[in-house]
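Working notes for the structure below.
All figures in this text were calculated on a predicted structure; none of them were measured in a lab.
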Amino acid sequence: MGADLESVCSGGRGGSTFAARTISGTQDGTNVTFTVAVALTSFQLFRNGVLQVTPGDYTFTTGSGVTTITFSVWPPASDELLAVWGDHE
């Protein structure tokens, strides 16, 4: 997978801000560990548009400004991985 792609939207009800970023890591059909260059404590993870659940589909740890995501089953190279989080004002 290439460089991170970030999309941020502001506004709407209550002044919510949401960010979406693709997951970094070698997506080769055998790797299960990926990172997001943000320390997240709460987020939603999607695989091919389907919401994943923790701890069933993945686990995560956060430290030093990075979130490490470990999938239970490796995602094939063709899968799209996306993490979405929000900051409600």
Side-chain angles (χ1 to χ4, degrees):
M1 189 154 276
D4 287 352
L5 171 65
E6 185 172 5
S7 173
V8 178
C9 301
S10 299
R13 285 194 217 183
S16 298
T17 300
F18 298 93
R21 190 172 288 187
T22 55
I23 309 301
S24 297
T26 303
Q27 195 171 341
D28 59 6
T30 59
N31 181 35
V32 296
T33 304
F34 297 85
T35 59
V36 178
V38 176
L40 301 173
T41 56
S42 178
F43 63 97
Q44 292 182 314
L45 181 63
F46 295 86
R47 182 173 170 182
N48 294 329
V50 178
L51 179 64
Q52 303 297 286
V53 296
T54 186
D57 296 318
Y58 70 97
T59 58
F60 74 96
T61 57
T62 299
S64 300
V66 174
T67 302
T68 301
I69 299 166
T70 305
F71 282 93
S72 301
V73 176
W74 54 265
S78 60
D79 280 8
E80 180 182 10
L81 306 176
L82 181 69
V84 180
W85 63 96
D87 181 19
H88 186 72
E89 298 176 359

Legend entry - Any donor-acceptor N or O pair under 3.5 Å, side chains T30, D28: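 Distance-only check passes for T30 and D28.
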Could you measure the distance from the [atom1] atom of [X] to the [atom2] atom of [Y]? Nearest 0.5 Å is fine.
X   : Y   : atom1 : atom2 : result
F46 : L82 : CZ    : CG    : 7.0 Å
F43 : T67 : CZ    : OG1   : 6.0 Å
W85 : S42 : CH2   : OG    : 11.5 Å
L40 : I69 : CG    : CD1   : 7.5 Å

Return the minimal non-hydrogen interatomic distance between [X] and [Y], and the atom names on each side.
X   : Y   : result
S78 : N48 : O-OD1, 4.3 Å
N31 : G25 : ND2-C, 4.4 Å
S72 : G56 : OG-O, 2.7 Å
L51 : Q44 : CD1-CB, 3.8 Å

Legend entry - L45 side chain reached by Y58 side chain, heavy atoms, under 4.5 Å: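 Counting from C-beta outward, Y58 and L45 do come under 4.5 Å.
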Legend entry - Pairwise side-chain contact, L81 with F34, heavy-atom cut-off 4.5 Å (strictly under):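 L81 vs F34: side chains touch.
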Legend entry - Ring-face cation contact, F71 with R47, 6.0 Å cut, 45° max: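 Checked: cation-pi criterion met.
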Inset, instruction - Please confirm whether the backbone N or O of T35 pairs with a side-chain atom of T68, one donor and one acceptor, at under 3.5 Å? - result: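 The answer is no, because no donor-acceptor pair under 3.5 Å joins these two groups.
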Inset, instruction - Measure from the side-chain N and O atoms of Q27 to the backbone N and O of D79, and report whether any donor-acceptor pair falls under 3.5 Å. - result: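 Flag set: sc Q27 to bb D79 pair under 3.5 Å.
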